[in-house]
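Values reported hereafter were calculated over all heavy atoms of this structure, with side chains retained and with hydrogens, waters and symmetry mates removed. Sequential numbering from 1 along the given sequence is applied to the chain's residues. We count ligands from 1, going down the list as the structure has it; atoms in each ligand are counted the same way.
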Amino acid sequence: MTADGTADPRRRVPRTDTLLADPPVAAAVATHGRDRVKAAVHRAQEQARRGEITPEGVRDAVLAALSAPAPRAVLNATGVVLHTNLGRAPLSPAAVAAVVAAAGHTDVELDLATGRRARRGRDALDALAAAVPDAGAVHVVNNGAAALVLAATALAAGREIVVSRGEMVEIGDGFRLPDLLASTGARLREVGTTNRTHLDDYAAALGPQTGFVLKVHPSNFQVSGFTSAVPVRALATLGVPVVADIGSGLLAPDRLLPDEPDAASTLRDGAALVTASGDKLLGGPQAGLLLGDADLVRRLRRHPLARALRVDKLTLAALGATLADPVTPTRAALHADPSALRTRTERLRDALAADGCKAEVVPAVAVVGGGGAPGVELDSWALSLPESYAYPLRTGQPPVLGRVAHGRLLLDLRCVPADADDTVRAAVLRVPADG
Ligand SMILES: *Cc1c(COP(=O)(O)O)cnc(C)c1O
């Protein structure tokens with residue numbers, strides 16, 4: 001140790017009040033309470049005094065100790081509305097409140113009036129049925145893939161599912177619908193070709209072994225050129241049940257997405273069963289929606305596998321709230337007015353300029369993302385920064401994710417809540433000027 005002690009790293013361990021005044025640590029006090037944060041501070045200070053961490057690392061050690069082992073909230077400035085890697089649809093404030101309210105004991109499976117067991121999640125299911133009156137009955141499982149697995153198992157195990165070769169799709173991360181369906185014990189009977197399939201192709205494949213005809217909406221790619229596919233309306237004339245996997249979860253048509261099938265129209269076209277995701281264009285929690293013929297849905301609901309795919313009470317709470325107020329953040333991001341986005345982005349640029357940070361506002365193109373509507377381009381605007389901002393923004397607190405193009409980092413505010421613009425500004429300003 002030196003005479004005045006300043007070179008001793010132990011003397012450089014930050015003081016408790018300094019740490020508690022640090023904004024993220026102060027924010028943690030609001031969440032976790034002062035005692036818990038102080039205990040974490042003291043532990044980290046001790047670690048630094050023992051030389052296990054550096055004095056500079058104390059703050060991060062405190063924050064790391066306090067952060068739950070859970071996915072971290074991030075700001076999605078990618079311009080991809082439904083980003084699977086970022087958790088797809090963000091819940092609406094009403095859905096978040098419903099999840100919080102449902103986190104304790106609930107009446108999820110109990111009728112309070114009679115004191116008896118009741119149908120699980122009936123409020124959310126009733127809301128779904130009310131939203132799509134064309135459905136005779138509805139059921140909800142864990143996700144869109146689970147909805148397909150349940151339909152295939154209950155209606156076609158040991159039998160055949162007739163499907164066009166143009167609809168044998170991979171849904172992401174190496175998972176393929178044909179493999180998923182085959183895993184249920186149903187056999188896939190492929191008909192037609194990659195680019196063209198006709199009604200006759202389906203008709204020729206039907207027989208006593210047919211469980212159902214499957215129509216899959218290609219929600220993540222487009223084929224163009226010499227193509228033809230058979231619409232649900234024509235398939236419904238074949239005399240066997242048609243199961244339509246519409247993917248995106250649109251319950252009714254959306255003028256912005258004319259090529260995206262919706263549950264109501266698909267049922268009116270004659271589908272016996274529609275399957276869809278809850279966390280794509282519907283803008284709700286991860287869930288698999290099953291809507292259609294009352295007898296078919298009852299069979300699915302009573303199948304033993306249904307118990308393994310049972311949906312959580314938190315999901316039911318979020319789904320009910322989403323259906324009660326369908327103006328979700330996803331819908332808002334999808335329908336955001338480009339000129340309003342431009343104004344927001346220019347305001348952000350000007351605020352940054354006032355603090356000496358130079359950025360540009362450039363036209364950009366946003367997309368719906370893996371959740372549907374391939375090929376739809378949404379006119380947007382972005383804040384353009386040097387690419388060197390990408391890493392510090394992504395690893396900052398909160399992480400801000402943009403899109404890198406042509407050596408620039410583009411921040412598109414379309415999917416950033418309007419009240420978070422200032423958080424983006426602060427995050428950009430925290431990046432050291434030398435990048
Ligand atoms: C997204 C999608 C699925 C899978 O749904 P998950 O909710 O992700 O399980 C299946 N089929 C289609 C057409 C899809 O778009």
* To do: If a pair satisfies side-chain hydrogen bond (donor to acceptor under 3.5 Å, both in side chains) and one of its residues is in residues 319-330, list it, with sequence neighbours excluded.
  =>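 Listed by first then second residue: nothing to list.
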
* **Residue pairs fulfilling side-chain hydrogen bond (donor to acceptor under 3.5 Å, both in side chains) with at least one residue in residues 116-135, sequence neighbours excluded** => Glu109-Arg117, Glu109-Arg120, Asp134-Arg268

Check: [X] N/O within less than 3.5 Å of ligand 1 N/O:
| X | result |
| --- | --- |
| Gly144 | yes |
| His217 | no |
| Lys280 | yes |
| Asp245 | yes |

* Region of Ala145 engaging ligand 1 - heavy atom pairs below 4.0 Å ->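 Answer for Ala145: both.
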
* May I ask you to identify, for Lys215, whether its side chain, its backbone, both or neither come under 4.0 Å of ligand 1 on a heavy-atom basis? =>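 None of Lys215 does.
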
* Taking side chain as C-beta onward, heavy atoms only, is Arg298 less than 4.5 Å from His139? ->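 Not touching, per the 4.5 Å side-chain cut-off.
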
* Side-chain heavy-atom pair Val213, Pro241 within 4.5 angstrom cut-off ->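 No. Closest side-chain heavy atoms not under 4.5 Å.
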
* To do: May I ask you to list the atoms of ligand 1 that are less than 4.0 angstrom from any heavy atom of Ser277?
  =>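 What qualifies from ligand 1 is 1 (C), 5 (O), 6 (P), 7 (O).
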
* **Under 4.0 Å to a heavy atom of Gly247 - the qualifying atoms of ligand 1, by number** =>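 Answer for ligand 1: 12 (C), 13 (C), 14 (C), 15 (O).
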
* To do: Indicate yes or no: does Arg425 engage Asp422 in a salt bridge with an N to O separation below 4.0 Å.
  => yes

* Closest non-hydrogen atom pair between Leu188 and Val163, with its separation ->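 That would be CD2-CG1, 4.3 Å.
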
